[in-house]
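As the structure lists them, so they are numbered: ligands from 1, and atoms in each ligand from 1. Only this structure's heavy atoms are used, side chains among them; waters, hydrogens and symmetry mates stay out.
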Amino acid sequence: MSRSGIRVRAAVERMRPYNPPLEGRTHKLRLDFNENPIGCSPAVRRALARLSAATISAYPEQETVRRKAARHFGVRPEELLLTNGTDEALSLIVNTFVDPGDTVLLVEPTYAMYRFYAELAGAKIVAPRYDDEMRFTWNDALAELRKAPRVFFLPNPNSPTGNLLTKPELQRILQASKRSMVVIDEAYFEFSGVTVIPWIRRHKNLIVTRTFSKTCGLAGLRLGCIFTNAALAATMRKAQSPYPVNAAALAAAEAAIADRAFIARTVREVKQSRAEFARGLAKLGVKCFPSAGNFVLAYFGGRTKRIVAARARKGILVRDRSSDFGGEGYIRVTLGTPAQTRRLLRELKVIL
Ligand SMILES: Cc1ncc(COP(=O)(O)O)c(C=O)c1O
């Protein structure tokens with residue numbers, strides 16, 4: 001019972017508010033939420049400008065785009081669900097598989113929304129941790145998998161740590177989790193090059209998610225995908241609302257996947273930035289962890305708060321991830337163009 005006497009679900013009462021700094025980010029160099037700091041394809045903006053009143057005023061029809069997206073990702077349309085960002089995909093997965101009291105496995109620190117939706121569903125969360133070098137802790141994870149949690153959420157690469165599991169390692173996880181749903185979140189696939197989408201027919205308990213928020217730069221439009229075997233996709237569709245993806249996102253997706261040059265440019269620039277940033281931090285004596293994503297996690301120790309505040313004053317946003325690690329010290333930086341990265345490095349040099 002809440003203080004007002006209105007009855008709220010116990011799972012919601014138990015949740016702590018999730019309070020990331022969501023507002024006031026416009027016109028800043030936003031290196032804090034792993035969006036695409038380069039922007040989006042000009043073809044996307046043209047497609048949005050062409051949206052007709054008839055399209056905007058009708059409930060969205062997604063079949064044409066779903067078929068085109070399926071071709072783009074190399075699956076059959078029946079193996080793909082479009083979702084309102086990966087976040088809706090995660091919510092749909094939890095709604096489909098998790099009853100109150102079921103166990104959901106995560107390895108933390110990781111993307112916050114797995115815990116969010118699992119807690120909302122009243123699940124029991126089991127969360128071994130990455131080690132101090134941000135490596136996956138195999139013994140703990142395999143021991144928990146043997147207990148058959150309902151769902152195991154695993155982003156590959158992981159955020160904020162940046163580490164990547166290889167395909168043989170993912171094979172090992174799937175072998176150990178025959179009685180659990182395994183969700184491999186490939187939000188950062190384009191930067192890592194490792195995907196298990198082709199395995200969805202072989203492993204009936206495998207779901208892969210992708211997003212248009214990173215390489216395609218469509219975070220503001222909210223578009224994600226679920227890939228799984230056709231039978232399971234049909235079951236999950238039953239638990240999804242009829243119009244999860246809006247007309248603007250559908251038009252943008254079509255344009256975004258057609259502009260392969262923009263995607264290639266983003267990947268090229270981010271990889272160059274990643275290498276330059278790691279070299280720059282090494283010169284400044286700052287430890288950073290190897291990353292396969294469009295971001296890098298670095299350890300600044302007791303200087304963290306000062307750095308984050310000083311960057312914000314200069315209009316550069318970076319993300320203090322210290323609370324993930326239970327002590328001050330960790331900043332995650334999103335990478336965009338090498339020019340943006342050099343600007344940040346120059347500023348860091350001054351403050352350090
Ligand atoms: C691992 C991971 N998955 C998913 C997302 C979010 O994807 P979307 O914008 O499609 O909800 C993020 C965003 O930071 C992420 O780090």
Engineer: Could you please provide the protein residues found below 4.0 Å of ligand 1 on a heavy-atom basis, arranged by chain and number?
Structural biologist: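 Under the 4.0 Å cut-off, ligand 1 touches G85, T86, D87, Y111, Y114, P155, S159, D185, A187, Y188, T211, S213, K214, R222.
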
Engineer: Taking atom types as modelled and ignoring hydrogens, do the side chains of Y188 and N156 form a donor-acceptor contact shorter than 3.5 angstrom?
Structural biologist: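 Checked: Y188/N156 side chains show no N/O donor-acceptor pair below 3.5 Å.
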
Engineer: For I56, check side chain to side chain contact (heavy atoms under 4.5 Å, CB included) against everything at least two apart and list the hits.
Structural biologist: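 Scan of I56 (side chain to side chain contact (heavy atoms under 4.5 Å, CB included), adjacent residues dropped) gives L51.
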
Engineer: Any pair with a residue in residues 136-147 that passes side-chain hydrogen bond (donor to acceptor under 3.5 Å, both in side chains), sequence neighbours left out, goes on the list, sorted by first then second residue, please.
Structural biologist: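 For residues 136-147, and leaving out neighbouring residues, the side-chain hydrogen bond (donor to acceptor under 3.5 Å, both in side chains) pairs sorted by first residue read E144-K147.
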
Engineer: May I ask you to check whether R332 and S159 show a side-chain donor-acceptor distance below 3.5 Å?
Structural biologist: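 A donor-acceptor contact under 3.5 Å links the two side chains.
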
Engineer: Would you list the atom pairs, donor with acceptor, under 3.5 Å between side chains in residues 241-256 and any protein atom, with sequence neighbours excluded?
Structural biologist:
unit_1, atom_1, unit_2, atom_2, d
N246, OD1, A248, N, 3.0
N246, OD1, A249, N, 2.8
E254, OE2, K68, NZ, 2.5

Engineer: Return the CZ to CD distance between F277 and Q272, rounded to the nearest 0.5 Å.
Structural biologist: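 With rounding to 0.5 Å, CZ (F277) is 14.5 Å from CD (Q272).
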
